[in-house]
There are 2 protein chains.
Amino acid sequence: MNPTHNRKKDMTRDQIVRAAIQVFGGKSYLEANISEIAQKAEVAEGTIYQHFKNKEDLLFFIPRERTAAFCEGLELHLQGIQDASNKLAKFAWYYLYFFKENPEYARIAMLELRVNKNFQKTKGYRLFRGWSDALLDIIKEGQEEGTIRADMDPHIVQELLLGVLEHYVTRWLLKDEKWDLLEFREHAVDLVLNGIRARDVQGTKGEAARKEKPSEITSSQKKTFKNKQMV
Amino acid sequence: MNPTHNRKKDMTRDQIVRAAIQVFGGKSYLEANISEIAQKAEVAEGTIYQHFKNKEDLLFFIPRERTAAFCEGLELHLQGIQDASNKLAKFAWYYLYFFKENPEYARIAMLELRVNKNFQKTKGYRLFRGWSDALLDIIKEGQEEGTIRADMDPHIVQELLLGVLEHYVTRWLLKDEKWDLLEFREHAVDLVLNGIRARDVQGTKGEAARKEKPSEITSSQKKTFKNKQMV
DNA sequence: TCCCAAAACTGAATAGCATTCATTTTTAAA
DNA sequence: TTTAAAAATGAATGCTATTCAGTTTTGGGA
């Protein structure tokens, strides 16, 4: 009952979790094995089962700590930004920045947790997705401000942004982090925020928008992407 | 050497693959077991290992057949559509339609293959991503036509669209297919094609665009999405 | 400082599942 | 009908998560 009571236990649990992040982050869930985690954590294999029900339970525990770190950083980075669009841009930047800085956790989050049906039911998942409410609020704020299209359900917009960001991180991981995750941020975010269709569809001005920038940027970028085998 | 030689073998292989789609499509790769696949395919467990190196090899073989079916259907559905934007919209529809009709394969493709690093190196992967070149061509076509923003690398646009579509399918699967995958198509595609930011940013017309549609649609949709727990 | 009961930890034993392989059955050309 | 090669079989193997009976550590009380 006394807070000192579980201090020792907590320390070993932390050791186990830290080792688990390393091991799960370095290979797939299947390839990772408990014995290696135990060795890295300097505990017996049996000890792990005193802290976690099983291998999956250990995996699902991982996001708790990192989500807290993510949220703290997010809050800090959004401070002082007024406009919703700028907040969204900053959010996208921070999201990519965070996973770039935490590649082991990124692999666990994107390649294991994100597609695991069982994870959806856990406590860790609620934390993992908890901050996405904040994103929703920013979108609503932008719709009220008039800087974000109001004829769309904010949930759809939220899904769009998350989908794109998660997709980019996933592709980056699968390509062995060969390219810089932040390099594409500006273009991708610009696309999401501005849309890909030329400006003459709903609008009244046709030709002007159409020919905005011909192709200098395009052609030079094409080469970059080809080399880096993004797809 | 004679084509008749392997006919029998091919038949059992097909049986195994069909059983594998059912079993892998019903539970996770980890939870699925070879014995169940063997039982469903009405062969001995050992037989599977005469056709496939191991469990993973069997999983990776699955997309070969379905990718062909996907491409055939895609080609058919794009026929007769001239405009690149319409083609993209049709592509998005077909993509979602295909996975809606093939939920077992969808689970295998989105929740297992898509995030598997080893899969990226296989023959099956090249087929799996092969059709995405067609998508790229449509985007380039649209840029030349002037219907799609030309100041963007088409690869980025391609990633955006694929990312959003894959994300929607993934979320749908994780939520037990509770909602209709096609229900969100129009809005999501519209967002991708038109962008989420209000039209007054680059343009010259400010206030007019801002207030386009106030919020009737928004509020009614909000309810829908809340109930369906999309996020 | 020593005692001891509860809390933690340990690692050998167990169990489940993928994979192997020696053997049997089937195939189809001669 | 014969027979050698091709396929199929399933019991045996090995690997790894999980269990559990036993050992060590902890920390409050005498």
Side-chain angles (χ1 to χ4, degrees), chain A residues 1-62 108 112-113 116-119 122, chain B residues 1-62 108 112-113 116-119 122:
Chain A
M1 307 300 138
N2 202 309
T4 44
H5 266 172
N6 5 4
R7 192 167 291 167
K8 174 71 195 305
K9 193 170 187 183
D10 284 358
M11 276 178 63
T12 49
R13 197 193 57 186
D14 279 1
Q15 269 181 324
I16 292 167
V17 173
R18 232 172 296 130
I21 291 174
Q22 277 189 280
V23 175
F24 284 137
K27 44 187 85 173
S28 76
Y29 177 75
L30 201 75
E31 287 158 357
N33 38 302
I34 292 291
S35 64
E36 195 183 341
I37 295 173
Q39 210 176 344
K40 268 226 164 68
E42 292 176 293
V43 298
E45 299 180 30
T47 305
I48 292 176
Y49 290 88
Q50 293 227 314
H51 295 265
F52 304 97
K53 208 159 72 257
N54 52 39
K55 192 180 172 183
E56 199 180 54
D57 189 38
L58 171 55
L59 179 76
F60 292 170
F61 189 84
I62 290 174
I108 295 168
E112 306 287 353
L113 298 175
N116 190 310
K117 219 164 179 172
N118 296 332
F119 178 58
T122 68
Chain B
M1 307 301 135
N2 200 309
T4 44
H5 265 172
N6 5 1
R7 191 166 294 168
K8 174 68 196 306
K9 194 173 187 182
D10 284 357
M11 276 178 62
T12 48
R13 198 193 57 187
D14 280 0
Q15 269 181 323
I16 292 168
V17 173
R18 231 172 298 129
I21 291 174
Q22 277 190 279
V23 175
F24 284 137
K27 46 187 86 173
S28 77
Y29 176 75
L30 202 77
E31 288 158 356
N33 37 307
I34 292 292
S35 64
E36 195 183 341
I37 295 174
Q39 210 177 344
K40 268 226 165 70
E42 292 177 294
V43 297
E45 297 181 30
T47 305
I48 293 176
Y49 290 87
Q50 295 227 313
H51 295 263
F52 303 97
K53 209 160 73 258
N54 51 40
K55 192 180 171 184
E56 197 180 55
D57 189 39
L58 171 56
L59 179 76
F60 292 170
F61 189 85
I62 290 174
I108 295 168
E112 306 288 351
L113 298 175
N116 190 311
K117 220 165 179 171
N118 296 333
F119 179 59
T122 68

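What you see below is based on every heavy atom in this structure, not just the backbone, and it leaves out hydrogens, waters and symmetry mates. Letters A, B, ... mirror the listed sequences (proteins, then strands); counts begin at 1.
Lys40(B) pairs by the side chain to side chain contact (heavy atoms under 4.5 Å, CB included) definition with Ala19(B), Gln22(B), Val23(B), Glu36(B), not counting sequence neighbours. Applying the ring-ring contact (aromatic ring centres under 6.0 Å, His included) rule to Tyr49(A) yields no partners; only residues at least two apart in sequence or on another chain are considered. With sequence neighbours left out, the side chain to side chain contact (heavy atoms under 4.5 Å, CB included) criterion links Gln50(B) to no other residue. For the side chain to side chain contact (heavy atoms under 4.5 Å, CB included) test, residues two or more places apart in sequence or in another chain that qualify with Glu112(B) are Ser28(B), Tyr29(B), Leu59(B).
The nearest whole Å value for the distance from the CG atom in Asp10(A) to the P atom in dC9(C) is 10 Å. The nearest whole Å value for the distance from the CZ atom in Phe52(A) to the C1' atom in dT19(D) is 18 Å. Atoms CG (Leu59(A)) and P (dA17(D)) sit 13 Å apart, rounded to a whole Å. The CD atom of Gln39(B) sits 12 Å away from the P atom of dG10(D) (whole-angstrom rounding). Taking atom CD1 of Ile48(A) as the reference point, atom C1' of dT16(D) lies 13 Å away to the nearest angstrom. Arg13(A) places its CZ atom 17 Å from the P atom of dA7(C), with the value rounded to the nearest Å. Protein atom CD of Glu42(A) is 20 Å distant from nucleotide atom P of dT24(D), rounded to whole Å. Between the P atom of dA8(D) and the CE atom of Met11(B) lies a distance of 10 Å, rounded to the nearest Å.
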Using atom names, set out every protein N or O paired with an N or O of nucleotides 16-23 of chain C below 3.5 Å, distance rounded to 0.1 Å.
residue, atom, partner, partner atom, Å
dA18(C), OP1, Ala32(B), O, 3.3
dA18(C), OP1, Lys55(B), NZ, 3.1
dA18(C), OP2, Ile34(B), N, 3.2
dT19(C), OP2, Tyr49(B), OH, 2.8
dT19(C), OP2, Lys55(B), N, 2.7

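The phosphate of dC9(C) (OP1 or OP2) has a side-chain N or O of Thr12(A) nearer than 4.0 angstrom. Between His51(B) and dA7(D), a side-chain N or O to OP1/OP2 separation shorter than 4.0 Å is absent.
Evaluation of the salt bridge (charged side-chain N to carboxylate O under 4.0 Å, His left out) test over residues 44-58 of chain A, restricted to residues two or more places apart or in two chains, returns none.
Within a 6.0 Å sphere centred on CD of Glu31(A), heavy atoms belonging to other residues, nucleotides or ligands number more than 12.
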